[in-house]
There are 2 protein chains.
Amino acid sequence: MRRDVFQAIADPTRRAIIMLLTVGAMTPNAIADHFESSRQAVSKHLKILTECEILSQEQKGREIHYHLNADKMKDIEKWLEQFKQLMAKRFDQLDIVLEQLKSKRK
Amino acid sequence: MRRDVFQAIADPTRRAIIMLLTVGAMTPNAIADHFESSRQAVSKHLKILTECEILSQEQKGREIHYHLNADKMKDIEKWLEQFKQLMAKRFDQLDIVLEQLKSKRK
DNA sequence: TTAATGAGAAACCGTTCGGTTGCAAATATA
DNA sequence: TATATTTGCAACCGAACGGTTTCTCATTAA
């Protein structure tokens, strides 16, 4: 069972939950109220998000407050950054090629 | 069948293919050479990546060159940016938000 | 012209996903 | 104490996923 940030944000409902929890911690019922999905369906999403450490639980009596761990989102940012760097390198090489073409023309 | 950028990058092999193609266009066989997976398995990933417009095909004789459409990656960047803005807002207006939540719960 | 190569398509297989239903445990309320 | 609420968990279901095998169809090379 793969359980990483990329797999976590693949689902639109989970992306919406993440966005919702930027506002602050919430209970499963409160979260489910914001969606068409049933409480149990939302609960499954919460489990997945917790397992890959995007969310953390805080028990308060019979309620559980789900907190967002914004730091985990940096994994995606890192990957994107890596991608952009590779792309930049590619264009650097392109520049070199274009320079060579220019000087050849002379 | 959901087919968006987020679902596309959920698979580690597909993320690797994206990284590989930053260097330049490649044929399915050339791409498959870089992985443990079979040509057919890679071909399926290429199909998915093409369907959500991360890749584009260019026929050259019996070969097909797969090009990267780096622009599509901006969808992820946009989402991340949106997320970060919400987080910033959270810290700016934490008090206001908490007040709103209080009254909403009633 | 015949053989080899590059590639997609279809059929199949086991696993995972997202969802529902039903249940049990803990806490709060009457 | 009896009841209601909040929640997680397990079993089940249909669909999608990732992969393999086999097949077909172009295109290129001998």
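Every chain is numbered from 1, with letters handed out A, B, ... down the list of sequences.
One finds no side-chain N or O of B:Thr27 lying less than 4.0 angstrom from the OP1 or OP2 phosphate oxygen of C:dG6. At C:dC17, one or more side-chain N or O atoms of A:Arg3 fall inside 4.0 Å of OP1 or OP2 (strictly under the cut-off).
Picking from C:dT21, C:dG19, C:dA7 the nucleotide with the shortest atom distance to the side chain of A:Ser37 gives C:dG19. With distances taken from any side-chain atom of B:Arg62 to the nucleotides C:dG19, C:dT5, C:dA7, the minimum falls on C:dT5. When each of C:dG8, C:dA7, C:dA9 is scored by its nearest atom to the side-chain atoms of B:Lys47, the top-ranked nucleotide is C:dA9.
Summarising the geometry, atom CD belonging to A:Glu51 is positioned 7.0 Å from atom CD1 belonging to A:Ile48; distances are rounded to the nearest 0.5 Å. The NE2 atom of B:His65 sits 10.5 Å away from the CD1 atom of B:Ile31 when rounded to the nearest 0.5 Å. Rounding to the nearest 0.5 Å places CG of B:Leu49 at 4.5 Å from CG of B:Leu55.
Atom CD1 in A:Ile17 sits about 11 Å away from atom P in C:dG18, given to the nearest Å. Separating the CG atom of A:Asp11 from the C1' atom of C:dG19 is a distance of 11 Å, rounded to the nearest angstrom. The NE2-C1' distance, from A:His45 to C:dT20, rounds to 13 Å in whole Å. Note: CD (A:Gln59) to C1' (C:dA26) measures 9 Å, nearest angstrom.
Here B:Gln7 lies in heavy-atom contact (under 4.0 Å) with sugar-phosphate atoms only. Using a 4.0 Å heavy-atom distance criterion, B:Gln57 is classed as a sugar-phosphate-only contact. Among the protein residues, B:Gln40 comes within range of the nucleic acid bases, having at least one heavy atom under 4.0 Å from a base atom.
A:Ile9 and A:Ile18 get closest at one heavy-atom pair: CG2-CD1, 4.0 Å.
A 4.5 Å side-chain heavy-atom check between B:Pro28 and B:Tyr66 finds at least one atom pair inside the cut-off.
Put simply, the side chain of A:Lys44 and the base of C:dG19 share a donor and an acceptor less than 3.5 Å apart.
Interface limits on DNA chain D: the 5'-most and 3'-most nucleotides within less than 4.0 Å of chain A heavy atoms are D:dA4 to D:dA11.
Place B:Asn29 and A:Arg14 on DNA chain C by their nearest nucleotides, and B:Asn29 ends up nearer the 5' end.
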